[in-house]
Each structure stands twice: as C-alpha cells, then as structure tokens.
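Numbered from 1 within each chain, the chains take letters A, B, ... in sequence-line order. In what follows, every heavy atom counts, from backbone to side chain, and hydrogens, waters and symmetry copies are set aside.
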Amino acid sequence: RKEVEQDPGPFNVPEGATVAFNCTYSNSASQSFFWYRQDCRKEPKLLMSVYSSGNEDGRFTAQLNRASQYISLLIRDSKLSDSATYLCVVNFARGSTLGRLYFGRGTQLTVWP
Amino acid sequence: EPEVTQTPSHQVTQMGQEVILRCVPISNHLYFYWYRQILGQKVEFLVSFYNNEISEKSEIFDDQFSVERPDGSNFTLKIRSTKLEDSAMYFCASSDLGQGVNTIYFGEGSWLTVV
C-alpha cells in the first residue's frame, strides 16, 4: 500500500518559472503534513508544514485539502538553488505512540539557467 | 543551529557482520527515531524511542535490529547479521515533542554498504 503518492517528475524548468507539485495520501486519519526537500545523498530537510487554511513562506505556497486527501506545493520565481527532490510527508500517530512520518518517493526538480 | 550528528558517515561491512550506527540527538530533545532510505527509494520509518523504550516500530524493524540509549547523549542502532538488502542510508532524527506539528530534525545519515 502506498501511503503517500507523488508524481516523480522530473520537472525541468527555467529560472523564474512557477512549478507545482501534487501529492495524495491514503490515510484519512493523518494528522499533520509537510513538504521536505532532499538534496542528492543528503538528509531530508523541512521546507514547510502544510495547514488546511493554506500557508505561504516567501516563494513557496502549500495547500492541504483534507476532503480529497491532497497536498500541493507551488514554487514561484524558481531559483537554481531550488533544484532538489521535494518530498511530501504525512504524520500519523496511532494511540499513544509518537507517530511516524510517511514519505512519498519525491518529485525531482531541476531549475536551469 | 543545533543539529543531530551521526557516525560513521559511511561504513562498508561484510554480509553477516554486526554494525552499530551512532547518533547524538539534539541535546534537549526527548524523542528519537531511525529512518532508512534504500538508494532510489523513499525514506522509511524504522523505530521511535522515548523514555528509554521503543514507542513504535515498523515491520522492517525485526529481531535483526535493536536500539539503545547507552548514556545521556548517544542513541544507537544495531544491525545484527547484516544482509545485502540492509544497504541503505540510515537517518537518525530527534524532536522535542512526539506528535503534532513539531519539527523532526534529521542527521546527515550513515551510508551502510553490505558486501
């Protein structure tokens, strides 16, 4: 069972472009949602949490639709440094456990000059 | 910025050998985790640990694996009798809260190659 599904890409865009990533998750009881960024052979790093009301951090905008179990990330004015793999991540905790993060396989983005 | 540190960064071991991966979580964090990522695949949860005991473990975390907090700072993952399919990047992580929207911080990973 694939708890989190993402379009693997790759997305190849020029600098300055706007690019959107989508993600769906299977467990309707999931509690929190994130976008992480992972550079090649590096650790995942939190890009932003995702809230039902939608949230923005500079050039990045994230949206969550709980009814459709759908998460999105929009990157405006892409920079070369945005080139990375973007991971959709969902947290689910059963009972009194700490919860675990479920990762998508990631969407690869390359921004070219 | 405080960080999670892991050693070794890379280890090559022969099949059947035991491996210990070490982690120093962020000092005021109480919740610790191990995740792994096989090359080209997604990051997968292995185990969470709180108050000196396992909180939850995944189906991957079988009797071959164990975790320990031997002192006040280290958090270790032991893999007994390694198999070829254990080759992966192992990430240690820690957080100050176990649930909700708290941030989980990942270490840079230990790359394990089993030959």
Neighbourhood of chain A inside residues 78-94 of chain B, taking heavy atoms under 4.5 Å as contact:
Met89(B), Phe91(B)
Any chance you could measure Leu46(A), atom CG, to Ile104(B), atom CD1, to the nearest 0.5 Å?
9.5 Å
Is it the case that more than 12 heavy atoms not belonging to Arg69(B) sit under 6.0 Å from its CZ atom?
yes
Are Val13(A) and Leu74(A) co-members of a hydrophobic cluster defined by side-chain heavy atoms under 4.5 Å apart?
no
Side chains of Arg100(A) and Ser48(B) in contact at under 4.5 Å (non-hydrogen atoms):
no
Grab the two heavy atoms, one from Phe103(A) and one from Lys42(B), that are nearest each other, plus how far apart they are.
O-CD, 3.4 Å
Gln6(B) and Glu43(A): side chain donor to acceptor below 3.5 Å
no
Can you list, by chain and residue number, the hydrophobic cluster partners of Val4(B) when the side-chain cut-off is 4.5 Å?
Ile26(B), Tyr105(B)
Do Val67(B) and Ile20(B) share a hydrophobic cluster (ILVMFWY, side-chain heavy atoms under 4.5 Å, transitive)?
no
Please check if atom CG in Asp63(B) has more than 12 non-hydrogen atoms from other residues, nucleotides or ligands closer than 6.0 Å.
no
Quick check: is Val114(B) connected to Ile60(B) through a chain of hydrophobic side chains (ILVMFWY, heavy atoms under 4.5 Å apart)?
yes
Glu108(B) CD: over 12 foreign heavy atoms closer than 6.0 Å:
no
Does Tyr35(B) reach the main-chain N or O of Leu101(A) with its side chain, forming a donor-acceptor pair under 3.5 Å?
yes
Is there a path from Met15(B) to Val19(B) through hydrophobic residues (I, L, V, M, F, W, Y) whose side chains come within less than 4.5 Å of each other?
yes
